[in-house]
Amino acid sequence: MATHAGGLTATCPVRVQGLVRGFGDRTVLDGLDLEVGAGEFVALLGRSGSGKSTLLRALAGLDGDVTGSGLVDVPVNSSVVFQDARLLPWQRVLDNVVLGLRGSAASERGRAALAEVGLAGRERAWPSELSGGEQQRVALARALVSEPELLLADEPFGALDALTRLRMHDLLRELCARHRPAVLLVTHDVDEAVTLADRVLLLDAGRIAVDLAIDLPTPRSHRQPQFLAYRESLLRALGVDPTEG
Amino acid sequence: MTASVLTRPRTATAPAGKPRRRLKPGRPIPFGAAVGPLLLLAAWALGSATGWLDSRTLSAPWTVVTTAGDLIADGRLQDNLAVSARRAALGLAIGTVIGTVLALVAGLSRWGEAVLDGPIQIKRAIPALALVPLLILWLGIGEQMKVTTITLGVLVPVYIHTHNGLRSIDSRYVELGESLRLRRAVFLRRIVLPGALPGFLLGMRFAVVGAWLALVVVEQINSTSGVGYMMDLARQYGQTDVIIVGLVLYGLLGLLSDGAVRLAQRRALSWRRTLAD
Ligand SMILES: Nc1ncnc2c1ncn2[C@@H]1O[C@H](COP(=O)(O)OP(=O)(O)OP(=O)(O)O)[C@@H](O)[C@H]1O
Ligand SMILES: [Mg+2]
């Protein structure tokens, strides 16, 4: 689906310039610039209330009623994964996955996407019959079934337990390696960011304060000294003393 | 030692001592809904058998049953029932369609809401039956007036609850629809209508009751057919047994139609896990 055939927009599907967003007289994003390359996995860190969700919603075009200015250039074919799985409770799992698809092959593609996230055979289940992790996997299938050029995810694993979150990391990395969308993953978990991303951004005072390329081979391990170094510098930038906790 | 073992809670995981308090109402009693009515019936039979209830005040259950048999034998019951059922069904159908359409218009557009919601809220404050004199002046005392009265009684609850259902659809689902770039038709079919369905069905439960209620009133005004007319005639001759047959009939019709809506509710909302299940 995605065209990687060269040209400026193909190499850089996401371009944001001078983005300003505010609520009332409080400015949250203050002239923010951002570029994400095709197939690049970018993690976005930031203190609570720093405006990560605001940025993501601006990219997703979900902030129609918010005042602001700036240039936002994103592919039309982009998908969003929310913090809650946000499945329609009155639609069965497969119908949830193919909700945004058109055409006759929709059901086949939906089944394939469900199989990819390890939920083959659960097509006819109601969302309420799935565990939290399974629901989030359905949401992932729904986001990827349209073969998006850009995947926007706002703390998609925030509500999951630690073990399930690790499994989801593996799954997400696997799926992204196969489908190669550009990814912008909002998270508050520094380990998650360093484990998954090619590049980690830190949002502070309405701008990207830190832009750190993670140059580590995958799979990455918390025991690698380089990993710890990245982790430490990001925690410092967040204002946390890495020697504590 | 043995005694302490015996008094222990049966489940090993429950903490010793007080069992955990259950907040759900507990397991449903089989045919639980029939318990109250059966007790009432028993009291009535007992009162009649002991002579405690005068048969001029209230006929005995068995008299009512034989009267019902007679009424069925000469065809009066069926004929009147058919007329009544037709009126109620017609009013219910028209009222449901109008109420639903108005709710959709008001729920999906700000202008629709501005124009429609006020008048319907005002209409809600005026009982449908208070409009009967006016409707008689406008439409006469024929079928048109009767069906219109029932329609008005049905329209309001269907509108109120469907509109409320629409308005209370979680905005997160609307956001989901936007993020998936759903076409308006798909958005309506997959998110709006199913989201409003619980409200609509609740409105239908009030609507069927409203339909029978309005029916009773219009049939006792200047009517020459229907269950209400049969009862009004019986009043003139002091036949409490016929009146009771009419009442039981109304009750059964109300129960049956409510049961039908509840069945539809259970079918259509099988995805929901609620306190009642
Ligand atoms: N709809 C809104 N109305 C008013 N203020 C808002 C609204 N949404 C966000 N804000 C404010 O904008 C700021 C940034 O919010 P945002 O949700 O983007 O933060 P965040 O970085 O995602 O935080 P968290 O990590 O806690 O999710 C906050 O101070 C918040 O109070
Ligand atoms: Mg947020």
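This is a predicted model, so every value here is computed, not measured. Every chain is numbered from 1, with letters handed out A, B, ... down the list of sequences.
- Within the 4.5 angstrom heavy-atom criterion, only backbone atoms of A/Leu87 (N, CA, C, O) approach chain B.
- Interface remark: A/Arg92 contributes no atoms to any contact with chain B (heavy atom separation under 4.5 Å).
- To the nearest 0.5 angstrom, A/Leu119 atom CG is 6.0 Å from A/Leu114 atom CG.
- For the atom pair CG (A/Leu151) and CG (A/Leu185), the distance works out to 8.5 Å, reported to the nearest 0.5 Å.
- Chain A forms more heavy-atom pairs under 4.5 Å with one residue of B/Leu176, B/Leu182, B/Leu180 than with any other, namely B/Leu176.
- Side chains of B/Arg124 and B/Gln121: a donor on one and an acceptor on the other come within 3.5 Å.
- Aromatic ring orientation, B/Phe206 versus B/His161: parallel (interplanar angle below 30°, classes split at 30° and 60°).
- No other option in A/Ser78, A/Gly61, A/Ala60, A/Ala143 has as many heavy-atom pairs under 4.5 Å with chain B as A/Ser78.
- When heavy atoms are compared at a cutoff of 4.5 Å, B/Leu197 does not approach chain A at all.
- For the pair B/Thr162 and B/Val158, the tightest heavy-atom approach, listed with the atom from each and the gap, is OG1-O, 2.6 Å.
- Interface remark: A/Asp84 contributes side-chain atoms only to the contact with chain B (heavy atom separation under 4.5 Å).
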